[in-house]
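The structure appears right after this line, and notes come after that.
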Amino acid sequence: MEILQIIDILEDKIEQAKNIPLINRAMIDKEDILSTIEDIRLRFPEDLKQARWVKDERKRILAEAQQEAEGIAKDAEEKAAALVTEHEITKKAYEQANEIIAAAQKNARELRLGARQYVDSLFADSEQRLAKAQEIIRHARAEVRQDTNASAKTIENK
């Protein structure tokens with residue numbers, strides 16, 4: 001189960017909590033809420049593992065793109081060296097080699113940019129999910145504290 005699903009379950013539990021008349025508070029099962037929060041904590045490492053995988057995959061894609069660019073450049077250089085015998089052929093070969101190198105470099109840049117954008121979007125999504133989870137937990141803690149304070153005051157007044 002993903003963190004967002006667990007957070008949705010937590011939110012449903014809080015929304016479905018029984019209201020206490022006159023004080024606009026709700027009663028929640030503390031152990032149930034804490035158990036759900038623990039599920040969120042246990043799920044974080046999986047999301048971090050996925051983010052690491054994305055980072056490693058990005059590195060791999062960039063390395064492959066670099067290798068491909070180097071391979072294309074090497075092929076172009078070899079072709080150019082084989083055509084050195086005649087001036088016009090040599091001139092065209094250099095032009096083609098430069099075009100191939102430029103195309104390979106452009107392709108590598110585009111692959112790097114695309115990989116970086118993809119990783120950035122995954123990190124942004126993870127960051128938003130974590131922020132939402134933090135906010136939900138912060139609100140849940142605040143409610144638990146308010147309920148605890150209200151209960152303490154009620155006990156003091158008796």
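The figures here come from the full heavy-atom set of this structure, side chains too, leaving out hydrogens, waters and symmetry mates. Just so it is clear, the model here is predicted, and its values are computed rather than measured.
- Here CG of Asp75 is found 8.0 Å from CD1 of Ile100. Values are rounded to the nearest 0.5 Å.
- Ile37 is connected to Val144 through a chain of hydrophobic side-chain contacts under 4.5 Å among Ile, Leu, Val, Met, Phe, Trp and Tyr, so both are in one cluster.
- Evaluation of the salt bridge (charged side-chain N to carboxylate O under 4.0 Å, His left out) test over residues 3-19, restricted to residues two or more places apart or in two chains, returns Lys13-Asp32.
- Atom CG in Leu122 sits 12.5 Å away from atom CD in Glu127 (nearest 0.5 Å).
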Is there a side chain to side chain contact (heavy atoms under 4.5 Å, CB included) between Asp29 and Ile33 once you walk through the steps? CA-CA 6 Å; Asp29 182 352; Ile33 297 297; 5.7 Å; no

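- Hydrophobic cluster membership is shared by Ile28 and Ile40, with clusters built from Ile, Leu, Val, Met, Phe, Trp and Tyr side chains linked at under 4.5 angstrom.
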Salt bridge (Lys or Arg N to Asp or Glu O under 4.0 Å) between Arg60 and Asp56, intermediate numbers included: CA-CA 6 Å; Arg60 184 190 64 76; Asp56 292 343; over 6 Å; no

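- Here the CD-CD distance, from Gln50 to Glu57, works out to 12.0 Å after rounding to the nearest 0.5 Å.
- Applying the side chain to side chain donor-acceptor pair (under 3.5 Å) definition to pairs two or more places apart or across chains, those involving residues 134-150 are Arg25-Gln146, Glu135-Arg138, Glu135-His139.
- Once rounded to the nearest 0.5 Å, the distance linking OG1 of Thr36 with CG of Leu10 reads 5.5 Å.
- Residue Tyr94 holds its OH atom at 15.0 Å from NZ of Lys79, rounded to the nearest 0.5 Å.
- In terms of hydrophobic clustering, with Ile, Leu, Val, Met, Phe, Trp and Tyr side chains grouped at heavy-atom distances under 4.5 Å, Val54 and Leu62 are assigned to different clusters.
- No path of Ile, Leu, Val, Met, Phe, Trp and Tyr side chains, each step under 4.5 Å between heavy atoms, connects Leu130 with Phe123, placing them in separate hydrophobic clusters.
- Inter-residue side-chain proximity for Ile61 and Arg112 is flagged as unmet; no heavy-atom pair is nearer than 4.5 Å.
- Residues Ile72 and Ile101 fail the side-chain proximity criterion, which asks for heavy atoms closer than 4.5 Å.
- Looking at Lys74 and Glu70, no side-chain N of the basic residue comes within less than 4.0 Å of a carboxylate O on the acidic one, giving no salt bridge.
- Of all non-hydrogen atoms in Met27 and Ile20, the two that sit nearest each other are CG-CD1, 3.4 Å.
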